[in-house]
Protein chains: 2
Amino acid sequence: MVDIIGQIAGMPLFAGLSKAQYEALARICVRRSFRKGERLFTEGDEGTGFYMVVTGRVKIFKVSVEGKEQILHLFGPGESFGEVSVFTGQGFPADAVTAVQTALLFFPRLAFVALIQKDPTLALNMLAQLSGRLRHFAGLIEDLSLKEVPGRLAKYLLYLSDRKGDGEVALDVSKGQLASLLGTIPETLSRILARMNRRGLIRLRGAQIQLLDRAGIEQIALEGKMLS
Amino acid sequence: MVDIIGQIAGMPLFAGLSKAQYEALARICVRRSFRKGERLFTEGDEGTGFYMVVTGRVKIFKVSVEGKEQILHLFGPGESFGEVSVFTGQGFPADAVTAVQTALLFFPRLAFVALIQKDPTLALNMLAQLSGRLRHFAGLIEDLSLKEVPGRLAKYLLYLSDRKGDGEVALDVSKGQLASLLGTIPETLSRILARMNRRGLIRLRGAQIQLLDRAGIEQIALEGKMLS
DNA sequence: CAATCTCTTTGACTTATGTCAAAGCGCTTT
DNA sequence: AAAGCGCTTTGACATAAGTCAAAGAGATTG
């Protein structure tokens with residue numbers, strides 16, 4: 001119980017709340033652990049609450065009839081997911097699976113809504129949370145519709161690089177999963193990485209990628225394509 | 001003033017509020033009219049509030065460096081937009097332009113946040129609103145990534161048909177705009193409509209489209225492609 | 001340490017969709 | 001009705017990206 005409060009206190013969604021609120025949140029939530037690859041829910045399932053990642057990683061994705069998948073979001077520690085069906089009352093809009101061994105807090109719908117009704121700060125935090133997610137989705141739509149795969153890849157490499165600081169980047173997902181994240185397939189991703197490598201934009205060593213020509217990569221990200 | 005209250009009362013975002021709340025909302029908002037094609041804001045602009053459509057139509061979209069546009073959403077009467085930057089404090093994530101002559105209500109950020117803090121119902125309505133928008137975006141991402149243009153078009157035709165009831169559908173946007181909505185260009189859309197016409201799936205007469213083979217169209221929407 | 005299994009890469013090929021250019025069509029304006 | 005204008009359609013072509021198949025690389029396990 002006390003350690004759950006500790007976990008909750010650090011989350012952006014719960015920033016600025018009173019001690020009493022932390023306790024109330026800790027009282028309504030349930031901690032659950034999952035092995036890698038476990039399914040949390042499937043599109044259409046009735047949503048009885050939402051989740052927050054304590055440790056690990058959760059993949060939210062859509063699947064086509066042929067089995068191709070598009071990752072909508074990868075959520076890590078401190079991030080929450082599954083709120084949409086809490087507030088609309090409809091089923092989940094996508095599938096969720098753990099990408100690695102994962103610990104989650106589950107917040108039941110009705111109890112959480114009751115808390116929100118009593119605490120405007122919590123409500124505003126949640127509104128900020130969903131707004132951020134909308135911004136992210138708008139970016140994904142832009143990328144899928146207006147950029148080619150090299151452009152999306154370049155943007156992702158720069159994103160990784162910005163998180164780390166230096167010019168050496170370690171992919172935080174398998175290349176297959178990265179393909180799903182970028183809206184393509186492994187073969188295509190592989191070819192484009194090879195092309196960037198040949199042109200001296202990057203130096204490929206497995207999951208380690210060195211950004212050799214940052215300006216060139218930035219241009220590809222901006223223009224959305226790699227001039228042939 | 002009184003007529004603004006009347007307009008507000010009917011909006012889903014404001015459902016279930018007290019008379020006093022309607023009056024407070026009416027007090028903080030400003031009504032503004034725009035001619036067709038006027039720009040309301042541009043991506044990156046600081047958001048000082050959000051808008052609600054009274055009459056007319058607003059197009060929210062992204063543009064690529066080459067000038068191709070992807071429509072994120074078309075908002076009509078009773079729908080609101082621009083909330084994202086209200087709750088994150090960052091700039092608008094996309095561009096907004098009126099698609100026709102349009103009347104809007106503008107709600108200033110700080111005044112509205114103050115109201116939300118006092119009224120949990122308003123907060124929950126807004127959460128439902130944003131959640132619905134996330135669901136819509138998830139669907140758009142799915143379509144762009146996992147369906148081909150015929151699949152997206154079929155889905156849109158069925159959507160129009162479901163709104164109307166019968167098998168005769170009138171496009172509510174120009175074909176050029178429909179292309180932007182579906183993530184393609186006018187030439188491609190034109191070809192695919194012609195192909196569906198040739199195959200007896202639809203009967204094309206300008207902006208009037210008759211759905212002749214609903215089952216066939218549903219299959220294309222589901223599979224995401226038109227088997228050649 | 002070999003065997004196996006999965007993930008990744010490469011090659012040859014197909015195809016959906018974009019590009020560019022021109023023609024067609026409908027609508028408004030004079 | 002003629003003229004002009006924007007939107008739509010069609011054609012010829014280019015190309016990004018998917019499919020299928022096989023080889024290669026890396027990791028895991030017995």
Side-chain angles (χ1 to χ4, degrees), chain A residues 36-37 59 63-71 99-100 143-154 170-199 202-209 220 223-228, chain B residues 36-37 63-70 99-100 143-154 170-199 202-209 220 223-228:
Chain A
K36 172 178 176 173
K59 174 174 79 174
V63 198
S64 73
V65 279
E66 295 102 357
K68 186 185 168 191
E69 85 177 27
Q70 170 68 47
I71 297 177
V100 296
D143 291 349
L144 289 171
S145 177
L146 304 177
K147 291 189 197 328
E148 297 177 356
V149 179
R152 297 176 220 156
L153 173 58
L171 293 184
D172 53 350
V173 290
S174 75
K175 288 179 181 171
Q177 290 294 285
L178 180 55
S180 288
L181 207 45
L182 299 179
T184 186
I185 57 174
E187 292 96 320
T188 296
L189 174 61
S190 197
R191 278 180 243 273
I192 289 170
L193 279 169
R195 193 149 104 234
M196 287 183 166
N197 192 50
R198 254 181 271 121
R199 298 200 186 176
I202 60 175
R203 170 105 196 80
L204 251 183
R205 290 199 317 275
Q208 293 291 318
I209 300 177
I220 292 170
E223 297 183 358
K225 61 169 153 198
M226 184 160 30
L227 311 167
S228 50
Chain B
K36 172 178 176 175
V63 197
S64 74
V65 278
E66 294 102 359
K68 185 185 169 192
E69 83 177 28
Q70 170 67 48
V100 295
D143 291 349
L144 289 172
S145 176
L146 305 176
K147 292 188 196 328
E148 298 177 354
V149 179
R152 297 176 220 156
L153 173 58
L171 293 184
D172 52 351
V173 289
S174 76
K175 288 179 180 171
Q177 290 294 284
L178 180 54
S180 288
L181 206 46
L182 299 178
T184 186
I185 56 175
E187 292 95 319
T188 296
L189 175 61
S190 196
R191 278 181 244 272
I192 290 170
L193 279 168
R195 192 149 105 233
M196 287 183 167
N197 192 49
R198 256 181 269 121
R199 299 202 186 174
I202 60 176
R203 171 103 195 81
L204 252 183
R205 291 198 316 276
Q208 293 290 317
I209 300 176
I220 292 170
E223 297 184 358
K225 60 167 143 193
M226 183 159 33
L227 311 167
S228 47

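In the text below, chain A, chain B and the rest are named by the order of the sequence lines, each starting its count at 1. Bear in mind that the values here come from a model prediction, so they are computed numbers and not experimental data.
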[atom1] of [X] versus [atom2] of [N]: gap in Å, rounded?
X        : N      : atom1 : atom2 : result
A:Met196 : C:dT9  : CE    : P     : 14 Å
A:Arg205 : D:dG26 : CZ    : P     : 13 Å
B:Leu144 : D:dA17 : CG    : P     : 14 Å
A:Leu146 : D:dA16 : CG    : C1'   : 16 Å
B:Leu171 : C:dG26 : CG    : C1'   : 16 Å
B:Glu66  : C:dG18 : CD    : P     : 12 Å
B:Lys175 : C:dC27 : NZ    : P     : 12 Å
A:Leu153 : D:dA17 : CG    : C1'   : 14 Å

If we only count heavy atoms from C-beta on, is the [X] to [Y] side-chain gap below 4.5 Å?
X        : Y        : result
B:Leu178 : B:Leu153 : yes
B:Asn197 : B:Leu193 : no
B:Val149 : B:Met226 : no
B:Ile209 : B:Met196 : no
B:Glu69  : B:Gln177 : yes

What are the two closest non-hydrogen atoms of A:Leu146 and B:Ser64, and how far apart are they?
-> CD1-N, 3.6 Å
All N/O contacts under 3.5 Å from nucleotides 14-16 of chain C to the protein, with atom names and distances to one decimal?
none

Answer yes or no: side-chain N or O of A:Arg191 and base N or O of D:dT19 forming a donor-acceptor pair under 3.5 Å.
-> yes
Just one of B:Leu181, B:Leu144, B:Ile220, B:Leu189 clears the side chain to side chain contact (heavy atoms under 4.5 Å, CB included) bar with B:Arg152, so which one?
-> B:Leu144
Supply the atom-to-atom distance B:Lys147 NZ to B:Leu182 CG, rounded to the nearest 0.5 angstrom.
-> 12.5 Å
Spacing of B:Gln208 atom CD and B:Arg203 atom CZ [to the nearest 0.5 Å] = 12.0 Å
Heavy atom of residues 181-189 of chain A under 4.0 Å from DNA chain C: which residues?
-> A:Glu187
